[in-house]
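Input: a single structure, listed below in structure tokens.
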Number of protein chains: 2
Amino acid sequence: MEKRRDIYQAIADPTRREIISLIARQSMNLNAIADNFEASRPAISQHIKVLTECGLVIIRQQGRERYCELKIDKLKEVTSWVEECNKYWNAAIDSMEDYLQQLQTKNKKHGKQQ
Amino acid sequence: MEKRRDIYQAIADPTRREIISLIARQSMNLNAIADNFEASRPAISQHIKVLTECGLVIIRQQGRERYCELKIDKLKEVTSWVEECNKYWNAAIDSMEDYLQQLQTKNKKHGKQQ
DNA sequence: TATATTTGTAAGCAAATACTTACATAATGG
DNA sequence: CCATTATGTAAGTATTTGCTTACAAATATA
């Protein structure tokens, strides 16, 4: 079995994103979270399981209650990935501009104009 | 039918994330993209379809080739969501600190110490 | 014009997902 | 100790996903 969870898959589900947004504001126990949704408690429990499995949430047991706490840093891995894509994209734009610049200069030398 | 695509679902798949990372560097036509993966060309074509359906990629037709261009701004919507969560989280931390501060002050008044 | 190239898409299928109901377990409170 | 509360988890199911092969269509090229 040994399922590999990852953050991207975790935040793909809208309900899980709502859960994340909810416990960002305040740690909550499972029933309190479930109260905010139409889905059944077990459904929410399973969502929480996914979130813990990929390290987005940790559980603090307090008596019979289990408080769900968001690990915000884990969420920032997504931002990092986006930032990396953005870096590649900017570099591509820059080199394209250089290229057009060179093209223009060369054309001027040859007396060509657009 | 009318499938609703969204970016979160789009980036959930590792192959699609690789495609995004690839065309961030440079626009590529479909076959060129497919060459970078083990999966079949139709499989990649279907991934591209998902990416266009949620606005992450646009197609520039050039003769019989179709160049896939990344719409980097769309990707930033994800960052925005993460940032919003982060804002909530920071606000929660701040108010928790205020609370502990108040508690400490009160305890000092009553002569209590830990 | 005949052929090769680039692509979309349908059909079929195995696996994963998200949900439900039903039951089990453990802590709390009288 | 018994009832309540908070939760996990199993079983079952409908839907979605990601892939394949096969075929179609449109453009380019010899």
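No experiment lies behind these values; they were computed from the predicted model shown.
- Considering all non-hydrogen atoms of both residues, B/Asp6 and B/Cys54 come closest at C-CB, 4.0 Å.
- Between the CD1 atom of A/Ile48 and the C1' atom of D/dA6 there is a distance of 13 Å, given to the nearest Å.
- The number of heavy-atom neighbours closer than 6.0 Å to CD of A/Glu38, taken from other residues, nucleotides and ligands shown, is 12 or below.
- Closest to the B/Pro42 side chain, of the nucleotides D/dT21, C/dT7, D/dT7, is D/dT21.
- The 5' end of DNA chain C is approached more closely, in terms of each residue's nearest nucleotide, by A/Gln46 than by the other of A/Gln61 and A/Gln46.
- Checking C/dA10, C/dT17, D/dA22 against every side-chain atom of A/Gln9, the shortest atom distance belongs to C/dT17.
- Distances were taken from every side-chain heavy atom of B/Ala43 (C-beta onward) to each of C/dT6, D/dC19, C/dA22; the shortest belongs to D/dC19.
- Not a single donor-acceptor contact under 3.5 angstrom links the side-chain atoms of A/Arg66 to the base of D/dT7.
- A sub-4.0 Å separation between OP1 or OP2 of C/dA27 and a side-chain N or O of A/Gln62 is absent.
- With DNA chain C read from its 5' end, the first of the two nearest nucleotides for A/Arg41 and A/Val50 is the one closest to A/Val50.
- Contact record, B/Tyr8 with B/Glu77: OH-O, 3.8 Å, taken as the closest heavy-atom pair.
- Dashed line: the shortest gap from a side-chain N or O of B/Ser45 to OP1 or OP2 of C/dG8 is under 4.0 Å.
- Rounded to whole Å, atom P of C/dG8 lies 10 Å from atom CG of B/Asn29.
- Note on A/Ser40: every side-chain N or O is 4.0 Å or more away from OP1 and OP2 of C/dC19.
- Neither OP1 nor OP2 of C/dT5 sits under 4.0 Å from any side-chain N or O of B/Asn31.
- Residue-to-nucleotide proximity on DNA chain D shows that, of B/Arg64 and A/Tyr67, the 5′-proximal contact is made by A/Tyr67.
- Between B/His47 and D/dT17 there is no side-chain N or O to OP1 or OP2 distance below 4.0 Å.
- Atom CD in A/Glu53 sits roughly 12 Å away from atom P in C/dA18 (whole-Å rounding).
- Checked by atom type and distance alone, the side chain of A/Arg66 never pairs as donor or acceptor with a backbone atom of A/Arg60 at under 3.5 Å.
- Remark: C1' of D/dG8 and CD of A/Glu65 are 16 Å apart, rounded to the nearest angstrom.
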